[in-house]
Amino acid sequence: KNNYLKNSKYAHKFLYLKKTGLLHKFIQKFNRSYFVKYSKTQKPDLVHYTYFNEKIFYQLKIPMVITEYDLIKEKFYRDEYREQIDFKRKLFNDLDHIFCISHNTKKDLLEFYDINEKKVSVTHLAYNETKKYHEKSSNLKPFILFVGRRNNYKNFINAIKAYASSEKLLRDFDFVCFGGEKFSFNEKKIFREINLPISKIHFFQGNEYELNFFYKKAEAFIFPSFYEGFGIPLLEAMNMGCPVLCSNTSCFTEIAGSGAAFFDPSDISSIKHCLEKTLYDDNKKLDLKNKGNINLSKYSWKKCAFETEAIYNKLF
């Protein structure tokens, strides 16, 4: 999305090397030192951070803004990230502005931290608009799709319990998980406990074009998370014409609008009812596809970039 800002007086090219594998520490150190040197010599109008790197902050006497994506650590992992949370509390007082990716994230931010609301703006994210896909050969029945990691707050277990509790769903649909890690020992144990035949649940990994294939072929995409900052997969599914079923909490009603069927993520019977009500109603699925397509018009990376630049101009 930074390409949309390439003509901006604020935008500067910056070398970034991906932090992976054994080179992680070296590349992280290189990025940090290069960034500090670059900023001091080139003197940009402002620095827009997208990650809380405490070893860089305060080294530069330049207006600073940051993007806050979500408060997952504050809500679900407070003890593990207490040091970072304390740092953020101090940092937010010194920043010139904070961008949030949804109104729900802004609400959570203001509730958790003591911040002047005038310092906070919302710029929605968007999605990759390509409809290209790479066919993945499989002998799957019609299937329900789950995408991404399966951490506790992602609520995968309730979703799979809802699926396994329905004789109709087990008979007529498979369940596909795309992305994240392979099924863990504990997950497989739960599958056995709920009498979910291993032949009914499948795991795939791949690139965005292979993911698009599963969105395109799925009978429905289920997003049962308790919390997200934005939820890009909602828009990815809509882009490929896949009916969306998701939680009625967090940012989901804000982002999905009328383009999704909603359920209570804490209530397995609510998830099951939503799945059955949608999957066996062709008119309902078509309605969700049409409304999802209309909903997409609210989001684009170009719009995100223009709104971000407008706030730069207003602030500086």
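Between the side chains of Tyr227 and Asn104, no donor-acceptor pair is found at a separation under 3.5 Å. Between the side chains of Asn158 and Asn155, at least one donor N or O lies within less than 3.5 Å of an accepting N or O. Looking at His124 and Glu254, their side chains do bring a donor and an acceptor atom within 3.5 Å of each other.
Tyr153 has its ring centre less than 6.0 Å from the ring centre of Phe76. Ring-centre distance between His134 and Phe213: not below the 6.0 Å cut-off. Two rings, from Phe146 and Phe156, have their centers less than 6.0 Å apart. For Phe230 and Tyr127, the ring centers sit 6.0 Å or farther from each other.
Looking at Glu208 and Lys132, no side-chain N of the basic residue comes within less than 4.0 Å of a carboxylate O on the acidic one, giving no salt bridge. Salt-bridge annotation for Asp94 and Lys90: present, with a side-chain N of the basic residue lying under 4.0 Å from a carboxylate O of the acidic one. Remark: Glu68 engages Lys88 in a salt bridge, criterion side-chain N to carboxylate O under 4.0 Å.
By the neighbour-count criterion of 12 heavy atoms within 6.0 Å, atom NZ of Lys131 is densely surrounded, having more than that number from other residues, nucleotides or ligands. The neighbour count for Tyr81 OH, taken as heavy atoms of other residues, nucleotides or ligands under 6.0 Å away, does not exceed 12. Atom CZ of Arg149 has 12 or fewer heavy atoms from other residues, nucleotides or ligands within 6.0 Å. Residue Asp86 qualifies as enclosed at atom CG: its count of foreign heavy atoms under 6.0 Å is above 12.
A 4.5 Å side-chain heavy-atom check between Leu211 and Asn207 finds every atom pair outside the cut-off. Within the 4.5 Å cutoff, no side-chain heavy atoms of Ser247 are placed close to those of Phe262. Proximity of Leu288 to Lys291: side-chain heavy atoms (C-beta onward) are nowhere separated by under 4.5 Å. Using a 4.5 Å heavy-atom cutoff, the side chains of Ile222 and Leu145 are not in contact. Counting heavy atoms from C-beta outward, Leu125 and Ile232 have side chains that approach closer than 4.5 Å. Between Ile144 and Leu279 the shortest side-chain heavy-atom distance falls below 4.5 Å. Under the 4.5 Å side-chain criterion, counting only non-hydrogen atoms from C-beta, Leu234 is in contact with Cys246. In this structure the side chain of Asn290 never reaches within 4.5 angstrom of the side chain of Asn293, judged on heavy atoms.
For the atom pair OG (Ser121) and OH (Tyr312), the distance works out to 11.0 Å, reported to the nearest 0.5 Å. Atoms CG and CD1, on Asn152 and Ile72 in that order, are 12.0 Å from each other to the nearest 0.5 Å. Taking CD1 of Ile271 as the start and CD1 of Ile160 as the end, the distance is 10.5 Å to the nearest 0.5 Å. Separation of atoms OG (Ser250) and NZ (Lys107) is listed at 8.0 Å; rounding is to 0.5 Å. If you take CD on Glu236 and OG1 on Thr130, they are separated by 11.5 Å, rounding to the nearest 0.5 Å. Taking SG from Cys304 and CD from Glu309, the interatomic distance works out to 12.0 Å, rounded to the nearest 0.5 Å.
With sequence neighbours excluded, the residues forming a ring pair (Phe, Tyr, Trp, His ring centres under 6.0 Å) with His97 are Phe99, listed by chain and number. By the ring pair (Phe, Tyr, Trp, His ring centres under 6.0 Å) test, Phe221 is found to be paired with Tyr215, Phe223, residues two or more places apart in sequence or in another chain being considered. Remark: Phe143 engages Phe214 in a ring pair (Phe, Tyr, Trp, His ring centres under 6.0 Å) (not counting sequence neighbours). In this view, His273 satisfies the ring pair (Phe, Tyr, Trp, His ring centres under 6.0 Å) rule with no residue, not counting sequence neighbours. Applying the salt bridge (charged side-chain N to carboxylate O under 4.0 Å, His left out) test to Asp282 and every residue at least two apart in sequence or in another chain returns Lys285.
A donor-acceptor pair under 3.5 Å is absent between the side-chain atoms of Lys216 and the main chain of Glu135, judged by distance alone. Remark: side-chain polar atoms of Ser102 are paired, donor with acceptor, to backbone N or O of Gly229 under 3.5 angstrom. When atom types are taken as modelled, the side chain of His202 and the backbone of Ser199 share a donor-acceptor pair closer than 3.5 angstrom. Looking only at distances, no side-chain donor or acceptor of Glu228 sits under 3.5 Å from a matching main-chain atom of Phe252. Judged by distance alone, the side chain of Ser165 and the main-chain N or O of Ala162 form a donor-acceptor pair under 3.5 Å. Without hydrogens or angle criteria, Ser297 side chain to Ile294 main chain gives a donor-acceptor distance under 3.5 Å. Between the side chain of Tyr299 and the main chain of Ile255, a donor-acceptor pair closer than 3.5 Å is present. Side chain of Arg171 to main chain of Glu167: no donor-acceptor pair is present (N/O by atom type, distance under 3.5 Å, no hydrogens or angles). Side chain of Thr253 to main chain of Asn248: no donor-acceptor pair is present (N/O by atom type, distance under 3.5 Å, no hydrogens or angles). Put simply, the side chain of Asp96 gets close to the backbone of Met64: a donor and an acceptor are under 3.5 Å apart.
One hydrophobic cluster, built from ILVMFWY side chains closer than 4.5 Å, holds both Ile66 and Tyr113. Hydrophobic clustering (side-chain heavy atoms under 4.5 Å, transitive across Ile, Leu, Val, Met, Phe, Trp, Tyr) keeps Val176 apart from Phe173. Residues Leu235 and Ile101 are members of one and the same hydrophobic cluster, defined by side-chain heavy-atom contacts under 4.5 angstrom among Ile, Leu, Val, Met, Phe, Trp and Tyr. In this structure, Leu286 is not a member of the same hydrophobic cluster as Met240, with clusters built from ILVMFWY side-chain heavy atoms closer than 4.5 Å. Under the 4.5 Å side-chain heavy-atom criterion for Ile, Leu, Val, Met, Phe, Trp and Tyr, Phe185 and Phe183 are members of distinct hydrophobic clusters.
Relative to the six-membered ring of Phe203, Lys182 misses at least one condition, a distance below 6.0 Å or an angle of at most 45° to the axis. Geometrically, Lys154 does not engage Phe226 in a cation-pi contact defined by less than 6.0 Å to the ring centre and at most 45° from the axis.
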(Q) Would Thr308 and Phe306 count as a side chain to side chain contact (heavy atoms under 4.5 Å, CB included) here? Give the steps. (A) CA-CA 5 Å; Thr308 300; Phe306 285 165; over 6 Å; no
Q | Full working for salt bridge (Lys or Arg N to Asp or Glu O under 4.0 Å) between Glu80 and Lys73 | A | CA-CA 8 Å; Glu80 297 95 314; Lys73 292 175 181 177; over 6 Å; no
Q: Kindly indicate, with the supporting measurements, whether the criterion side chain to side chain contact (heavy atoms under 4.5 Å, CB included) is fulfilled by Val47 and Val65.
A: CA-CA 6 Å; Val47 175; Val65 302; over 6 Å; no
Q) When you look at Asp79 and Arg82, which way does the salt bridge (Lys or Arg N to Asp or Glu O under 4.0 Å) test go after all the steps? A) CA-CA 5 Å; Asp79 290 338; Arg82 186 163 299 280; 3.1 Å; yes
Q: Apply the test ring pair (Phe, Tyr, Trp, His ring centres under 6.0 Å) to residues Phe204 and Phe178: give CA-CA distance (whole Å), side-chain angles for both, the deciding distance (0.1 Å), then the verdict.
A: CA-CA 5 Å; Phe204 294 92; Phe178 186 97; 7.4 Å; no
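Each salt bridge (Lys or Arg N to Asp or Glu O under 4.0 Å) pair with one or both residues in residues 186-201, not counting sequence neighbours, appears once here: Arg150-Glu187, Asp174-Lys200.
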